[in-house]
Each structure stands twice: as structure tokens, then as C-alpha cells.
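Reading through the C-alpha cells given below for one structure.
Small disclaimer: the values here were computed from a predicted structure and weren't measured. In what follows, chains carry the letters A, B, and so on, assigned in the order in which the sequence lines appear, proteins first and then strands, with residues in each chain numbered from 1. Quick note: numbers below take in every heavy atom, side chains included, and nothing from hydrogens, waters or symmetry partners.
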There are 2 protein chains.
Amino acid sequence: MNGRFPIALHIMTLLCSAEGLLSSEYMAGSINVNSVLVRKELSNLIKNKLVSSQEGKNGGYTLARPAAQITLAEIYETVKPEAVLGQAKNQPNPACPIGKQINQHITELYIDVDKVLMQKLGNTTLLAFVAKFN
Amino acid sequence: MNGRFPIALHIMTLLCSAEGLLSSEYMAGSINVNSVLVRKELSNLIKNKLVSSQEGKNGGYTLARPAAQITLAEIYETVKPEAVLGQAKNQPNPACPIGKQINQHITELYIDVDKVLMQKLGNTTLLAFVAKFN
DNA sequence: TTGTACTGTAATAAAAATTATTACAAATAA
DNA sequence: TTATTTGTAATAATTTTTATTACAGTACAA
């Protein structure tokens, strides 16, 4: 697993608590990662309609919708990996009766786990998450 | 995220459906990864009392307890990463009011998510998981 | 209309994590 | 006592992640 979700959440938190537009440079300063990485993640958030941007001088980024209407599930959705609990890159032996079937059963398990996870994350709005900050 | 959980689950599934002892070499053949990696994961499963081993010729591995008494939560526990939904390696800017606090709030969120996840995985025994195989 | 400060994105490099390989000591069955 | 297996360390190869550099395009503002 990588750091995409924490970074996306950090971005969304910053945007939620900001007045106007924020630049990727400013956010990179708060998160403490490279600004190109921030813009890449923002580009992804824009594609998913959670953020909107304004190009040009004095441009920047802002939430596309009210924070009360955005859940953590939607944010996670934008960075969600193929496999919730990890994906091995091996190809199990098709000649083995277990190896032949295991990927299918893991996939089914992951679908169930994902459901539970999304339900949990869907319970918290971005606004509620940010409200916890002092 | 890495492939440790699928591999650990594959190991446990093989052991569950086996009669006697299985060698790491055999399991590596089914999983299709290096046998040293399998032994490393087995070593971890042994440390967590889910597997026991027998050294020497004709040695191998077997479940330490009946599969009906082992849940997927216990298996996940043995490979669980620090951060369920990913960990960024950045150190957020302590001079930023958001950056200063975000890690604490992410940690709290992760504790909640972990609870839900473990509950879900705790509902399925290894025996039940393996029963799905044809 | 020109300079400045942004976004957007590609290409590449650096760093970190994961997996594979090699090697060998120790155990135990035959 | 030989063969087979676990246990583990050291190292190499591969893959993934993150950083850096570069620059085109947009829009504001003097």
C-alpha cells in the first residue's frame, strides 16, 4: 500500500478549511511532498468531481461540492487499489486444485471486505472529519 | 500494500486441505513464489501460533489448531500493516495548523476502520473459507 | 501586450520496498 | 551417514513510489 489516501485526505482537509483557492505549492508545503505529486493527486480528484481548479495567475484549487456532501468513502474511492487487503503478483499454479481457485475466492472475500469498508467510510463526511481539528 | 495477505491465506488454505505435513517447496509450487519467501511467511505464522513445523527429513508444516478455530482475522493480524488504508512517508509541516494535527486524526480513523475490518474477517473461519472450494 | 504566477502533464531520475536468489547451518528420518 | 527438510542471513534483481526537471497553456494585471 502507498500513501495516496493520506495525501488525498490531507488535500481535501486543506481545501475544506480554506477560504478561497489554494495553490498546489502551498498544499505541498503543508503535506511536505513534491508539488507535482500533489497536482497529480489533484488531477485525479478533479476527474472524480471532488475538486475544481482555476488555471492562470491567482488560480488554484477548491472543493467542487460542499464538504457536508462529501464522504470519506468518495475520497477513498478515488485512490482505491485493485485489492483492498493486498495483491500478490504471483500467478498461482493452475495445476494445483487450490492454486487454480484461490484467486476467485480471494476476489469474493475482497468484495465483501470492500463493502464493509465503504459503509464505514461513507458514515463520515469531510465536514465531520475536519470538525475534529482544533 | 503488498502481497503478504494473499500469500498467507494461500498457505493456510493449503495446510487446511492437506492430510499430513506440507513442505515449503511444495507450497511455493502452488503459490508460484520463491520458497524462501514462503518459509519467511511460515516463520511469521508459526510465531503467531497458527502453524507448527517439523524440521528434518520428511519434515514440513501443519496447522497448529483446528481450522474451525482459526478466523481470517487472525491470519490478517499476522501480516497487518501499520496503516490499514496506507501510510505516506512524508512528515506533514508542523507549522501548518492542519499539517500539525492530521496524522493524529488519520490514526484515529484507521483505528475505527481496523475495528470494522477485523469484525468482518473475524466472522469467517478458515474452515468456512476453504469449504467454498470445489 | 507583456510579464508573472499559476495549472497540467510528460519524461526522467532517485529512492524505497518487494521479491528472488544463493548459501549454508541445524535437525531428523531412513 | 546420507538425503531431505527447516531456519535464516546476505545479497541481487525487480518493481513501485516519490522527486525532479522541464515546459506548454491559461489568465490576471500592470
Side-chain angles (χ1 to χ4, degrees), chain A residues 1-8 10-11 14-15 18 20-29 31-48 50-64 79-83 85-93, chain B residues 1-8 10-11 14-15 18 20-29 31-48 50-64 79-83 85-93:
Chain A
M1 180 149 297
N2 55 28
R4 286 187 65 194
F5 178 66
I7 286 172
H10 195 146
I11 288 171
L14 288 169
L15 292 177
L21 297 173
L22 290 182
S23 73
S24 61
E25 206 62 50
Y26 173 82
M27 293 192 264
I31 303 171
N32 202 12
V33 294
N34 195 279
S35 67
V36 176
L37 183 61
V38 174
R39 290 205 289 277
K40 257 187 204 148
E41 205 55 61
L42 280 162
S43 159
N44 186 41
L45 290 164
I46 289 169
K47 219 181 316 180
N48 285 275
L50 295 184
V51 168
S52 62
S53 69
Q54 188 161 330
E55 293 190 21
K57 190 168 178 181
N58 299 332
Y61 302 86
T62 185
L63 293 183
V79 302
K80 188 152 82 173
E82 277 301 300
L85 302 184
Q87 183 154 259
K89 3 191 171 307
N90 63 317
Q91 175 117 21
N93 188 344
Chain B
M1 180 150 295
N2 55 27
R4 287 187 63 195
F5 179 66
I7 286 172
H10 195 146
I11 289 171
L14 288 170
L15 293 177
L21 297 172
L22 290 183
S23 74
S24 61
E25 205 63 50
Y26 173 82
M27 293 192 264
I31 303 172
N32 203 12
V33 294
N34 194 280
S35 68
V36 176
L37 184 61
V38 174
R39 290 204 289 277
K40 257 187 204 149
E41 205 55 61
L42 280 162
S43 160
N44 185 42
L45 290 163
I46 289 168
K47 219 181 317 176
N48 284 275
L50 295 184
V51 168
S52 61
S53 69
Q54 188 161 330
E55 294 190 21
K57 190 169 178 180
N58 299 333
Y61 302 87
T62 185
L63 292 183
V79 302
K80 187 154 82 174
E82 277 302 298
L85 301 183
Q87 184 153 259
K89 8 192 168 304
N90 62 318
Q91 174 118 22
N93 188 344

Nearest-Å distance, [atom1] ([X]) to [atom2] ([N])?
X	N	atom1	atom2	value
Ile46(A)	dT7(C)	CD1	P	9 Å
Met27(B)	dT5(D)	CE	C1'	12 Å
Leu21(A)	dT26(D)	CG	C1'	14 Å
Lys47(B)	dT8(D)	NZ	C1'	12 Å
Tyr61(A)	dA5(C)	OH	C1'	13 Å
Asn58(A)	dG3(C)	CG	P	18 Å

**Asked** Does Lys57(A) or Lys57(B) map to a spot on DNA chain C nearer the 5' end, using the closest nucleotide for each?
**Response** Lys57(A)

**Which atom of Leu14(B) lies closest to which atom of Leu22(B), heavy atoms considered** = O-CD1, 3.6 Å

**Where Ser35(B) and Ser24(B) come nearest, the two heavy atoms and their spacing** = CB-O, 4.2 Å

**Prompt:** Within the side chain of Asn32(B), is there an N or O that forms a donor-acceptor pair under 3.5 Å with the backbone of Asn90(A)?
**Reply:** no

For [X] and [N], is the shortest distance between a side-chain N/O and OP1 or OP2 below 4.0 Å?
X	N	value
Tyr26(B)	dT6(D)	no
Ser24(B)	dT6(D)	yes
Ser43(B)	dT8(D)	yes

Inter-residue atom distance [X].[atom1] - [Y].[atom2], 0.5 Å rounding:
X	Y	atom1	atom2	answer
Ile11(B)	Asn44(B)	CD1	CG	9.5 Å
Met27(B)	Asn93(A)	CE	CG	14.5 Å
Ile7(A)	Arg4(A)	CD1	CZ	9.5 Å

**Message:** What contact category does Gln54(A) fall into here, base, sugar-phosphate, or nothing, at under 4.0 angstrom with non-hydrogen atoms?
**Reply:** sugar-phosphate

**Asked** Contact class for Gly59(B) (heavy atom, under 4.0 Å): base, sugar-phosphate, or nothing?
**Response** sugar-phosphate

**Leu21(B) vs Asn58(B) side-chain heavy atoms within contact, under 4.5 Å** = no

**Fill in**
When Ser53(B) and Glu55(A) are each assigned the nearest nucleotide of DNA chain D, the 5'-most assignment goes to Ser53(B)

Protein and nucleotides 19-22 of chain C: nitrogen or oxygen contacts under 3.5 angstrom:
from    : atom 1 : to       : atom 2 : distance (Å)
dT19(C) : OP1    : Lys89(A) : NZ     : 3.3
dA20(C) : OP2    : Asn34(B) : N      : 3.2
dT21(C) : OP2    : Asn34(B) : ND2    : 3.2

